[in-house]
S.K.: 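Once you've had a glance at the structure underneath, I'll fire off some questions.
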Amino acid sequence: MDYKLGLIGHPIGHSLSPWIHAQFLDLAGLDGEYKLYEGDHQQLPKVLKHLKQEELDGFNVTVPYKQVIVDFLDEIDEDAKVLGAVNTVVSVNGKWKGYSTDGAGYIRSLTEPFPNLLNKNTSVLLLGAGGAARGIYRALIQQQIGRVDIANRSANKAEQLIASMRLPDIDSQVLSFQEAEEQLANYDLIIQTTSVGMKPHIAKQVISLANLSADAVVSDIVYQPIMTQLLQDASARGAAIHHGHAMLLYQGQLAFEKWTGHTLEINHLVDELEKKLRGENN
Ligand code: ATR
């Protein structure tokens with residue numbers, strides 16, 4: 001069968017998803033296409049009607065439609081419901097079901113290179129409390145990680161994030177950036193989810209890593225540039241690093257799995273995508 005897949009969002013002209021899913025279709029030996037369906041807010045209902053008529057098997061949803069898409073779905077997965085955001089829609093007999101694969105995709109991207117990192121003794125510091133942090137926080141908590149604390153510029157957003165998860169027995173502290181810097185040595189994994197350090201502001205770094213443990217892993221979901229200031233700093237201090245583009249690949253892998261039933265081995269694509277990004281942007 002010819003898979004009909006795609007992406008809705010605005011703007012999406014520079015999206016890496018068509019490249020990623022073309023690799024996946026190829027790896028799976030499947031025929032199909034992954035097209036961009038761009039439209040502004042006013043055009044969204046028309047774009048979605050078009051996708052229904054075209055009988056897409058599934059599609060991804062990106063900024064700014066991850067929340068509003070919910071109104072157009074027939075069903076929504078429990079995690080996506082709690083997160084209030086959908087990045088993957090699966091069509092079954094014309095009925096649309098929404099999922100969020102960001103958090104689980106992030107965890108897969110991390111455990112592939114660091115298989116023993118996450119367990120009940122791991123202490124994680126999450127920097128940021130936006131949409132990306134929500135998905136990652138929820139996925140971490142579901143893995144029963146020892147401790148997941150959040151540092152954010154606005155403390156109330158971090159408090160709200162934790163409260164909104166509706167999970168019992170969460171032992172998460174909210175820290176200021178200054179407290180996070182002071183207590184940094186306590187963490188095994190630091191995950192940077194804010195937009196700080198993203199092109200064109202590449203010299204910025206959200207917190208100082210002066211107290212970082214050399215045994216820690218520092219992960220930055222910013223992937224433009226591939227080597228953010230934070231990752232350079234972490235690397236210079238002897239810590240292991242994890243690049244943001246890997247999350248993009250693995251959330252895509254999970255979406256592809258939902259659409260086609262194929263679980264692909266995609267680890268080699270992490271380096272390929274890195275080369276592609278370095279060639280285009282760095
Ligand atoms: P995303 O969906 O990519 O996570 P978002 O929901 O807009 O984007 O969240 C952006 C995150 O980056 C937030 O944690 C935001 O902090 P606030 O909650 O205090 O706004 C953080 N952020 C953005 N610019 C920042 C800056 N200059 N310094 C520190 N944090 C910043």
Side-chain angles (χ1 to χ4, degrees), residues 7-12 14-17 41 60-70 79-88 98-107 109-110 124-141 148-165 172-182 184 187 190-209 218-226 228-231 233 242-252 255 277:
L7 170 69
I8 61 164
H10 183 63
I12 48 175
H14 291 105
S15 168
L16 292 162
S17 294
H41 271 283
N60 285 129
V61 184
T62 189
V63 182
Y65 302 133
K66 286 186 174 190
Q67 286 86 27
V68 297
I69 188 67
V70 167
D79 279 334
K81 203 180 285 175
V82 173
L83 292 169
V86 161
N87 79 333
T88 300
Y99 298 87
S100 174
T101 68
D102 285 339
Y106 175 80
I107 300 279
S109 79
L110 187 70
V124 182
L125 174 66
L126 197 57
L127 301 169
R134 288 178 66 78
I136 292 172
Y137 178 84
R138 186 165 175 84
L140 285 169
I141 293 291
V148 185
D149 293 339
I150 305 182
N152 194 47
R153 181 175 57 182
S154 348
N156 65 330
K157 251 179 98 177
E159 302 277 7
Q160 279 167 16
L161 189 165
I162 294 167
S164 70
M165 290 298 157
S172 286
Q173 272 185 21
V174 172
L175 308 176
S176 66
F177 285 143
Q178 192 188 333
E179 287 167 333
E181 286 175 350
E182 287 163 7
L184 206 60
Y187 296 98
I190 289 106
I191 308 173
Q192 196 307 107
T193 73
T194 77
S195 46
V196 178
M198 196 183 285
K199 272 192 168 187
H201 307 291
I202 58 168
K204 294 243 163 68
Q205 175 169 339
V206 69
I207 59 165
S208 156
L209 299 182
V218 177
S219 171
D220 195 337
I221 71 161
V222 169
Y223 59 87
Q224 284 175 319
I226 280 279
T228 60
Q229 183 65 41
L230 187 84
L231 292 183
D233 190 4
H242 174 249
H243 294 285
H245 69 290
M247 173 180 179
L248 203 66
L249 278 170
Y250 280 90
Q251 59 85 8
L277 283 165

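Ligands are counted one by one from 1 in listed order, and the atoms in each one are counted from 1 as well. Bear in mind the structure is a predicted one, so any value in this text is a computation, not a measurement.
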S.K.: So which of Leu277, Asp102, Ile221, Leu16 actually passes side chain to side chain contact (heavy atoms under 4.5 Å, CB included) with Leu248?
M.R.: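 Only one option passes, and that is Leu16.
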S.K.: So does Leu7 get a backbone contact from the side chain of Asn60, meaning a donor-acceptor N/O pair under 3.5 Å?
M.R.: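 It does not hold such a pair.
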S.K.: Tabulating one pair per line, provide the atom names and distances (0.1 Å) for every N/O atom of ligand 1 that is less than 3.5 Å from a protein N/O atom.
M.R.:
residue, atom, partner, partner atom, Å
ligand 1, 2 (O), Gly131, N, 3.4
ligand 1, 4 (O), Gly131, N, 3.1
ligand 1, 4 (O), Ala132, N, 3.0
ligand 1, 6 (O), Gly131, N, 3.0
ligand 1, 14 (O), Ala129, N, 2.9
ligand 1, 14 (O), Asn152, OD1, 2.7
ligand 1, 16 (O), Asn152, OD1, 3.4
ligand 1, 18 (O), Asn152, ND2, 2.8
ligand 1, 18 (O), Ser154, OG, 3.4
ligand 1, 18 (O), Lys157, NZ, 3.2
ligand 1, 19 (O), Arg153, NE, 3.1
ligand 1, 19 (O), Ser154, N, 3.0
ligand 1, 19 (O), Ser154, OG, 2.4
ligand 1, 20 (O), Arg153, NH2, 2.9
ligand 1, 27 (N), Arg153, NH1, 3.4

S.K.: For the pair Glu181 (side chain) and Ser208 (backbone), establish whether a donor and an acceptor sit closer than 3.5 Å, ignoring hydrogens and angles.
M.R.: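 A pair under 3.5 Å: yes.
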S.K.: Is there a donor-acceptor contact under 3.5 Å linking the side chains of Ser219 and Tyr106?
M.R.: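 Present: a donor and an acceptor within the cut-off.
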S.K.: If you define the side chain from C-beta out and look only at heavy atoms, does anything of Val218 sit under 4.5 Å from Leu231?
M.R.: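 Answer yes - side chains close enough.
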S.K.: Has Gln178 got more than 12 heavy atoms of other residues, nucleotides or ligands less than 6.0 Å from its CD?
M.R.: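 No.
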